Amino acid sequence: MAQLMGYENYLDYAYENVYGRDYTYKDVAQLSDYVKTYISPVFASVYKTWDTLSGYTQDDLDKYYGQVQKPFFKVLEGNTLVNDYIDLLAFSSNPDKSFSFSDEFNKLMSDGNMFRGEYEGAFVTTIHSEKLPIAYFGKGYDNCFTVVHEFGHYMNEVYSAGIYDDTDYSQSYDLLEMHSQGNELLYLCYLEEHAEYPEIAFTLIRTHALVNMLYSGMAGFTIDALEQAIYLDHYEGLGADEIMADGTISADEYDTLYNYICTDYGVADALEGYWEYGMTITSPCYYVSYSISALSVIQLLPMGREDFDAAADAFLKLFSYVDE
């Protein structure tokens, strides 16, 4: 398909046409050195902290699970915190579109375009013929952070995809993930300032949010490295002598190749076998969007702790297409 469209390989084609990126897979390959040096050690540290979860008391775990794991739709405490957080988000950077997150959240919950079911997953989409954005929260995917994450996607559909007017911006998938991941991290900043939890509970909540964010980021970089090797049929990283011994990469080498890549990134324990989960088949070249997004929106944490309003305005500008 890529060659029919005049591209050398699917990487070139997908980066530009499917995902709307203004960088190439070669740029990501260069970025990998930075990630291995600076991001991998942070992920390893946070992941190790997360691994000691069993060392906390049951009371601490109850507070943690109440906020992060118990269903948003059944637990009043988490539901109230999410609603209070969303009430604070109003656009100041583009007054021409002045509708608020709060109004849209109330509409989502009351107008019949929020769905729940047994399918394990959560997503947002739009029925374009009706200009109707909808959100789905499935079994095990209805905790507070997931609701906040998907509502970031939902607001993009409302704000930028022509729901209320004829505007329909073409956006990169990286930006779409910044809407959702950024909303999670800004919510974390809100909790640290407003939720009345003991410090140990914040440690658990913060660690959970960061390990999820960095896990997605590291998974994206390792999957992209795997895809680059396979689509180019060329690999120069750790274990290259073994992988390229016969001059090509065969399907029965994919597991070995991915293990080498994860070891090179320092995430072998966390991500073993991750490439098999399906995104490499259903949405090839997609996953690095999570990585670029995570590296960008992680800046909201220090910003939000210093000045929540400034961080919120910076986040909202991701929707409003101003020059800042």
Side-chain angles (χ1 to χ4, degrees), residues 1-41 43-44 47 121 123 171-178 181 212-296:
M1 179 174 69
Q3 289 171 351
L4 286 172
M5 296 294 290
Y7 290 83
E8 192 172 316
N9 57 62
Y10 188 74
L11 291 162
D12 280 324
Y13 171 80
Y15 264 60
E16 180 178 347
N17 295 285
V18 181
Y19 303 114
R21 297 168 183 148
D22 58 1
Y23 58 88
T24 70
Y25 67 89
K26 296 176 183 177
D27 295 323
V28 176
Q30 286 186 308
L31 182 60
S32 66
D33 289 337
Y34 173 91
V35 172
K36 293 172 189 175
T37 302
Y38 298 105
I39 308 301
S40 294
F43 172 71
Y47 194 78
F123 60 84
Q171 302 161 6
S172 75
Y173 274 64
D174 304 38
L175 178 59
L176 299 183
E177 294 304 338
M178 289 173 72
Q181 291 178 326
N212 274 352
M213 191 68 57
L214 292 168
Y215 187 93
S216 294
M218 297 308 300
F221 281 115
T222 58
I223 292 294
D224 192 76
L226 176 77
E227 290 173 330
Q228 289 200 32
I230 291 171
Y231 281 114
L232 299 174
D233 198 20
H234 181 74
Y235 177 65
E236 296 181 352
L238 185 68
D241 290 345
E242 176 184 345
I243 298 298
M244 299 300 299
D246 58 356
T248 189
I249 303 174
S250 57
D252 60 3
E253 293 178 298
Y254 289 177
D255 275 323
T256 303
L257 170 61
Y258 188 65
N259 288 339
Y260 273 128
I261 290 170
C262 288
T263 300
D264 192 28
Y265 274 83
V267 294
D269 292 341
L271 292 171
E272 182 179 3
Y274 191 89
W275 79 272
E276 298 175 351
Y277 286 175
M279 293 297 287
T280 51
I281 306 301
T282 61
S283 302
C285 304
Y286 169 81
Y287 226 95
V288 75
S289 285
Y290 282 116
S291 306
I292 304 301
S293 168
L295 287 184
S296 302

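Just so it is clear, the model here is predicted, and its values are computed rather than measured.
How far OH of Tyr231 is from CG of Asp12: 12.5 Å, rounded to the nearest 0.5 Å. Leu31 CG to Lys36 NZ: the interatomic distance, rounded to the nearest 0.5 Å, is 11.0 Å. Within the model, atoms OH of Tyr254 and CD of Glu276 stand 12.5 Å from one another, a figure rounded to the nearest 0.5 Å. Taken to the nearest 0.5 Å, the OH atom of Tyr260 stands 14.5 Å off from the CG atom of Leu226. Taking CG of Asp22 as the start and CD of Glu16 as the end, the distance is 10.5 Å to the nearest 0.5 Å. The CD atom of Glu253 sits 8.5 Å away from the CE atom of Met244 when rounded to the nearest 0.5 Å.
Taking the side chain as every heavy atom from C-beta outward, Ile230 and Thr280 never approach each other to under 4.5 Å. By the 4.5 Å heavy-atom criterion applied to side chains, Thr256 and Glu242 are counted as neighbours. Side-chain contact check for Arg21 versus Val288: some heavy-atom pair is nearer than 4.5 Å. Counting only heavy atoms from C-beta outward, the side chains of Met178 and Ile292 never approach each other to under 4.5 Å. Side-chain contact between Val267 and Tyr47 is absent, with no heavy atoms from C-beta onward closer than 4.5 Å. Tyr7 is listed as a side-chain neighbour of Asn17, based on a closest heavy-atom distance under 4.5 Å.
Aromatic ring orientation, Tyr286 versus Tyr290: perpendicular (interplanar angle above 60°, classes split at 30° and 60°).
You'll find the ring centres of Phe221 and Tyr34 outside the 6.0 Å limit.
In this structure, the side chain of Asp27 does not engage the main chain of Gln30 through any donor-acceptor pair within 3.5 Å. Although no hydrogens or angles enter the test, the distance criterion places a donor-acceptor pair under 3.5 Å between the side chain of Ser40 and the main chain of Tyr265. Side-chain N or O atoms of Asp255 include none that pairs as donor or acceptor with a backbone N or O of Gly273 at under 3.5 Å. Within the 3.5 Å criterion, the main-chain N or O of Lys26 finds no donor-acceptor partner in the side chain of Tyr23.
Taking both residues in full, the closest heavy atoms of Ser289 and Asp174 are given as OG-OD1, 2.9 Å, listed atom of the first, atom of the second, then distance. Closest non-hydrogen pair, Ser172 versus Gly20, comes out as CB-O, 3.2 Å. Smallest separation of non-hydrogen atoms from Ala294 and Gly217: CB-CA, 4.4 Å. The two residues Leu257 and Ala229 have their closest heavy-atom pair at CD2-CB, 3.9 Å. Considering all non-hydrogen atoms of both residues, Tyr13 and Val18 come closest at CE2-CG2, 3.8 Å. In plain terms, the two heavy atoms of Ile249 and Ile243 that are nearest each other are CG1-CG2, 3.9 Å.
Around CG of Asp269, the count of heavy atoms belonging to other residues, nucleotides or ligands within 6.0 Å does not exceed 12. Counted within 6.0 Å of CD on Glu8, heavy atoms from surrounding residues, nucleotides or ligands total 12 or fewer; the atom is thus considered open. The neighbour count for Asp241 CG, taken as heavy atoms of other residues, nucleotides or ligands under 6.0 Å away, does not exceed 12.
With no hydrogens or angles considered, a side-chain donor-acceptor pair links Gln181 and Ser293 at under 3.5 Å. Between the side chains of Glu227 and Tyr25, no donor N or O sits under 3.5 Å from an acceptor N or O. Side-chain contact annotation: Tyr287 with Tyr274, donor-acceptor N/O pair under 3.5 Å present.
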**Report entry** Step-by-step side chain to side chain contact (heavy atoms under 4.5 Å, CB included) determination, Leu295 to Tyr38
**Finding:** CA-CA 11 Å; Leu295 287 184; Tyr38 298 105; over 6 Å; no
**Report entry** Cys285/Tyr173 under side chain to side chain contact (heavy atoms under 4.5 Å, CB included): CA gap, chis, key distance, verdict
**Finding:** CA-CA 11 Å; Cys285 304; Tyr173 274 64; over 6 Å; no
